[in-house]
Chemist: 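Would you mind keeping the following structure in view while I ask a few things?
We number each residue from 1, following the sequence as shown.
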Amino acid sequence: MRHGKLSPAVLRKYGFVTSFLAVPLVLYGFFVVAQYLQAFQISLTNSRGISPNFDYVGLDNFTRLFDDEVFWATVRHHGLLLLAMPLATITIALLFSFLLNLGGGQKNGRMTGVPGSAFYKVVFFFPQVLAVAIVGVLFQAILRPDRTGVINSALDAVGIDPVGWLINPSLALWTIIGVMVWQAVGFYVVLFSAGMSSIPKDVFEAAALDGAGRLTLFFRITLPLLWDTLQVGWVYLGIAAFDGFALVQVLSVDRGGPDNATTVLPLEIWRTAFTYSKYGVASAMGVALFFMTLTFAVLTLRVTRRERIEF
């Protein structure tokens, strides 16, 4: 390389890499970025989705959202989902991962999981192989409000009246959150187990030899060394909390009921666009959802930033 010019070998190298990156970048730009831009454009119109003709209305659609009680109900529900679902999922997954990888204590000089750990990992991951719609149909049978439901039949057997898990406005959203946690835990058990397996066993074995108990191993060693994985898991779960469309669609009464007690923003976007043919308003909801998700991800990564621990 002379006078700041790249040598032919370097040019060939970067040209080869660029040729591989160009196609996926073009596809991403066309199928993702362009669709976002189109949604932003439609959100400024009165488009009904059934005619190519529409008028620009500026920020009127966004102004309507501020006066829409259902929109604010969805925002409150997402706030509850953001708080409850990631916290419950990460707590349960961390506990299971610790037991499956380190819960058996030290045997023959090595840290091991509880007996049958390999089998339990498969069992915990099983919900991940089921389609979300299948999970919804499965829990429809489990959560039926009469005595034919699996849970209510068990309650009836011990003399407890059936519970309206999905028809009681105060219980419906919490019930759906419980289903979301049940479905998500298996994936994060595997994710956190992979993170724990990357930590040198010598660290745990040395701590165990020094008399550290399981609580000390978990809170003083495992959590700090697993922080980056926890951060990623929290962001993934937060983004999932802004979805919930499929489970709410299948499980809830009247698609978001009763009395909008379980409705979420993606469901309202779908309903506004395909039931009421208000594509402009639906696109405005989509833009709001985009910025809420982006804000959550950025704030989470900034707030949870810590110094990386090197081995």
Side-chain angles (χ1 to χ4, degrees), residues 70 73-100 103 114-117 119-190 192 233 237-238 240-268 271:
V70 177
T74 64
V75 173
R76 290 193 297 271
H77 296 161
H78 284 300
L80 184 59
L81 282 165
L82 276 174
L83 179 64
M85 202 222 352
L87 185 61
T89 303
I90 288 177
T91 301
I92 296 171
L94 272 176
L95 174 63
F96 287 168
S97 300
F98 184 78
L99 292 175
L100 294 178
V114 296
S117 296
F119 171 75
Y120 291 134
K121 287 180 183 178
V122 174
V123 172
F124 291 147
F125 191 76
F126 178 72
Q128 284 294 311
V129 306
L130 299 177
V132 179
I134 294 176
V135 172
V137 172
L138 173 66
F139 274 91
Q140 276 184 335
I142 294 173
L143 298 168
R144 282 176 189 153
D146 53 23
R147 289 177 172 81
T148 61
V150 175
I151 294 179
N152 280 333
S153 64
L155 294 177
D156 183 59
V158 295
I160 301 176
D161 292 333
V163 178
W165 301 103
L166 295 170
I167 62 176
N168 186 331
S170 62
L171 288 178
L173 184 60
W174 288 106
T175 302
I176 292 177
I177 290 175
V179 177
M180 291 179 175
V181 171
W182 177 86
Q183 185 194 22
V185 160
F187 173 80
Y188 292 93
V189 168
V190 174
F192 296 150
L237 283 166
F242 280 112
D243 185 13
F245 172 84
L247 279 177
V248 174
Q249 171 88 330
V250 175
L251 282 175
S252 64
V253 178
D254 296 329
R255 294 173 179 173
D259 298 327
N260 293 319
T262 60
T263 190
V264 289
L265 200 47
L267 181 61
E268 286 305 312
R271 197 199 316 271

Chemist: Can you label the angle between the His78 ring and the Phe242 ring as parallel, tilted or perpendicular, going by 30° and 60°?
Modeler: tilted
Chemist: Examine distances only and state if a side-chain atom of Asn168 and a backbone atom of Ser170 form a donor-acceptor pair shorter than 3.5 Å.
Modeler: yes
Chemist: Rounded to the nearest 0.5 Å, what separation is found between the CG atom of Leu237 and the CG atom of Leu87?
Modeler: 10.5 Å
Chemist: Please find the pair of heavy atoms, one from Pro145 and one from Gly164, that lie closest to each other, and give the distance.
Modeler: CB-CA, 4.3 Å
Chemist: With under 30° as parallel and over 60° as perpendicular, where do the rings of Phe124 and Tyr120 fit, or are they tilted in between?
Modeler: parallel
Chemist: Starting at OG1 of Thr175, measure out to CD1 of Ile142 and round the result to the nearest 0.5 Å.
Modeler: 12.0 Å
Chemist: Does any N or O in the side chain of Gln140 come within less than 3.5 Å of the main-chain N or O of Val250, such that one atom is a donor and the other an acceptor?
Modeler: yes
Chemist: I need the minimum non-hydrogen distance between Pro169 and Ala261, along with the two atoms involved.
Modeler: O-CB, 3.7 Å
Chemist: Scan for salt bridge (Lys or Arg N to Asp or Glu O under 4.0 Å) pairs involving residues 119-136, sequence neighbours excluded, and state none if there are none.
Modeler: none
Chemist: Would a distance-only check, ignoring hydrogens and angles, find a side-chain to backbone donor-acceptor pair under 3.5 Å from Ser97 to Val189?
Modeler: yes
Chemist: With distance as the sole test, does Asp243 use its side chain to make a donor-acceptor pair with the main-chain N or O of Pro266 at under 3.5 Å?
Modeler: no
Chemist: What distance separates Leu143 CG from Ile167 CD1, expressed to the nearest 0.5 Å?
Modeler: 11.5 Å
Chemist: Closer than 3.5 angstrom, by distance alone: can the side chain of Arg271 be matched with the main-chain N or O of Gly256 as a donor-acceptor pair?
Modeler: no
Chemist: Once you round to the nearest 0.5 Å, how far does CG of Leu247 lie from CD1 of Ile177?
Modeler: 11.5 Å
Chemist: Whether the side chain of Thr262 engages the backbone of Gly257 through a donor-acceptor N/O pair (distance < 3.5 Å, no angle test) should be reported.
Modeler: yes
Chemist: Using a 4.5 Å cut-off on heavy atoms from C-beta on, say whether the side chain of Thr89 contacts that of Val185.
Modeler: yes
Chemist: Give, for atom CG of Asn152 and atom CG of Asp146, the distance between the pair rounded to the nearest 0.5 Å.
Modeler: 7.5 Å
Chemist: Kindly write out the residues that satisfy side-chain hydrogen bond (donor to acceptor under 3.5 Å, both in side chains) with Asp161, not counting sequence neighbours, or none if the list is empty.
Modeler: none
Chemist: To the nearest 0.5 Å, how far apart are CG in Leu171 and CD1 in Ile176?
Modeler: 11.5 Å
Chemist: Would you please name every residue forming a ring-ring contact (aromatic ring centres under 6.0 Å, His included) with Phe187, sequence neighbours left out?
Modeler: none
Chemist: Which heavy atom of Tyr188 sits nearest to which heavy atom of Ala93, and what is that distance?
Modeler: CB-CB, 3.7 Å
Chemist: Side chains of Val163 and Ile151, heavy atoms from C-beta outward: is any pair under 4.5 Å?
Modeler: no
Chemist: When you measure from the side chain of Gln128 to the backbone N and O of Gln183, does any donor-acceptor pair fall under 3.5 Å?
Modeler: yes
Chemist: Could you tell me if the side chain of Phe126 sits less than 4.5 Å from the side chain of Val129, heavy atoms only?
Modeler: yes
Chemist: Does His77 use its side chain to pair, donor to acceptor, with the backbone of Thr263 at less than 3.5 Å?
Modeler: yes
